[in-house]
> 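Structure provided below as structure tokens; questions to follow.
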Amino acid sequence: MVLCMLRMWQRGSVSAARLGTHHWPFGSAGLSLRRYSTEAAPQIPGMEYQDAICTLNTLQTNASSLEQVRRERSNPQLQLQAMRGFLERSGLTVEELDHLNIIHVTGTKGKGSTCAFTEHILRRHGFRTGFYSSPHLVQVRERIRINGQPIGKELFTKYFWQVYGRLDETKDAHGGTMPAYFRFLTILAFHVFLQEKVDLAVIEVGIGGAYDCTNIIRRPWVCGISSLGIDHTQILGDTIEKIAWQKGGIFKLGVPAFTVKQPEDAMVTLSSRASEMRCPLWVCPELEEYQAHCGPLHLGLAGRHQRSNASLALQLSHTWLQRRCLPDRSPPSGSVESAAPRQAPPFKPSPIMIKGLADTEWPGRNQTLKHGAVTYFLDGAHTMRSMQACVHWFREAAVQHERNASGPVVRVLLFNATGERDSAAMLKLLVPCHFDFAVFCPNITEAIASCNADQQNFNVSVEHMLTRCLDNERSWHLHNSSGHTKGAPLLIESSLAPEKKADALVFPCILSALQWITQGRDSVLADPAHGELPVKPSVAARAAPLCAAAEVHVLITGSLHLVGGALKHLDPASSK
């Protein structure tokens, strides 16, 4: 953070403008802002991509933003009201969002994958697509995509300062308030998609639905709800019914909505919400039902749980195409008076749809990377249901890879969990995978201080993150008290990880954990440019099984942020 702010300070007059002296090349609030919604604002001289990212990160810790979040949690209706205010201050209106031809998707797990399938299918049809998702894995630009690709640094920088400048210029008239991090990025995404004139925008909800800032959308073309489960209980509620009520908040009058098979109580709530909002609700068929018309469907994303996401994506893209290409044909309309949703009929997917499903890529979700003798299995599972799916996928995938191994294989778990999530319960699900080592580290990419601004999180202290890792290590040993897994002493001599005599495999950062696990056998990590933290001799000795094995299989899970930090090192191209 200090390095990032120093970088901003060194830019002098630009920093002064950002801090509120109002030398922006824009007019004051009101009509002078309106024209920028369709007419590009000039580029601010001297401001670069890294400056934009560092400034964006201040919205994580901006005092007025944090106070605003606390106030709105006790009165969530204020969230959308505040979002409308920020949107108008940025020069946009909700009426302009009506022109984005939006597909709006929520859910507990699988909503990102559903969006990825949907976007890829429609892009294959030749449409210019916008795609807004969260979180990012390596660079924040991943959240805002045009035609499947993160927007370039130059475009991000230009559009960032256009939106930030208008909000900064008007903040004094609004109590000094600026939108928090996710809210700002949502406004930025809308601005980018309008400026870039996309044919459609696939919008993934952040958290919940009813009061999520993406729900400022008034007229989506179709809505989707992926699999529901228990997550974000402090915000959404602690029962599946409360969570389903929040998710159903994206339903709109007369707008067709689709969902996958849900727990019974969740489906009752969704049906009630759909009836209340007079929204026709359909339940997607199993993927096998489409195959009766076209033969086996192959998915670009691994894991059986992706099949329901693919079915939802087929219904969403099919409905959008009907509205776009067959405007005289009415979209599906179920009875909004009925307490039960209707079953969506399967249809024969077009060759383009089939190809779109097969070619979809979505990094960090059931992803496999093979680097010589080391194979990485990456999945950002962070709920109980998603972890169950991850375990099922990993056990099948690891066995297939082990069959082809030339000798003994060592299995390693690299794990971290954040926030309110029950990491002990998730770790218990991982025990049957029979790991030889369990390694824990915080979501810090590397211990060496650097302005890696895309992955900085100022809302959680390093001490808190390391304490959570040590708690996870203790939970792992409790689950393995029968002796299946033996621990090791604290591994890295570092001021980030204080000396502690305990059985543990805890590292201060992702890079140090990966370097110990791979023992120089991954040429990407062995690059001298990475540097290497000193390891105690006793710890080096415990790595003998890793050195002796023919192959090392590493499951990286528990947090998308952990997976993203790992990908930064394992796939250097993702940082460019």
> Using a strict 4.0 Å threshold on nitrogen-to-oxygen distance, state whether Arg273 and Glu276 make a salt bridge.
yes
> May I ask you to decide whether Asp168 forms a salt bridge with Lys171, counting only side-chain N to carboxylate O separations under 4.0 Å?
yes
> Salt bridge or not between Asp379 and Arg365? Use side-chain N to carboxylate O under 4.0 Å.
no
> A quick test of your reading: do over 12 heavy atoms of other residues, nucleotides or ligands sit less than 6.0 Å from CD of Glu361?
no
> Answer yes when Arg123 and Glu119 have at least one side-chain N-carboxylate O distance shorter than 4.0 Å, and no when they do not.
yes
> Charged N to carboxylate O below 4.0 Å: is that the case for Asp199 and Arg128?
no
> Hey, are Tyr159 and Glu196 close enough side-chain-wise for a donor-acceptor pair under 3.5 Å?
yes
> Can the ring centroids of Phe160 and Phe184 be said to lie less than 6.0 angstrom from one another?
yes
> Test of understanding: with ring pair (Phe, Tyr, Trp, His ring centres under 6.0 Å), list the residues that count as partners of Trp362, not counting sequence neighbours.
Phe131
> In sequence, state the C-alpha distance, the side-chain angles, and the governing distance for Trp161 and Tyr49, and then conclude on ring pair (Phe, Tyr, Trp, His ring centres under 6.0 Å).
CA-CA 10 Å; Trp161 291 115; Tyr49 172 74; over 10 Å; no
> For a 4.5 angstrom cut-off between non-hydrogen side-chain atoms, does Tyr211 reach Leu78?
no
> Going by atom types alone, do His561 and Asn416 pair a side-chain donor with an acceptor below 3.5 Å?
no
> Between Arg385 and Thr108, does any side-chain donor sit less than 3.5 Å from a side-chain acceptor?
no
> Looking at Phe182, is Arg143 sitting on its ring face, NZ or CZ under 6.0 Å from the six-membered ring centre and within 45 degrees of the normal?
no
> I want to check something: taking the side chain as every heavy atom from C-beta on, are Phe377 and Thr557 in contact at a cut-off of under 4.5 Å?
no
> Is it the case that the side chains of Ser275 and Ser272 hold a donor-acceptor pair, with the cut-off being a distance below 3.5 Å and no angle test?
no
> Using a 4.5 Å cut-off on heavy atoms from C-beta on, say whether the side chain of Leu87 contacts that of Ile216.
yes
> Let me check something: any side-chain donor-acceptor pairs from residues 240-251 under 3.5 Å, sequence neighbours excluded? List them with distances.
unit_1: Glu241; atom_1: OE1; unit_2: Thr239; atom_2: OG1; d: 3.4
unit_1: Lys242; atom_1: NZ; unit_2: Asp238; atom_2: OD1; d: 3.3
unit_1: Lys247; atom_1: NZ; unit_2: Gly107; atom_2: O; d: 3.0

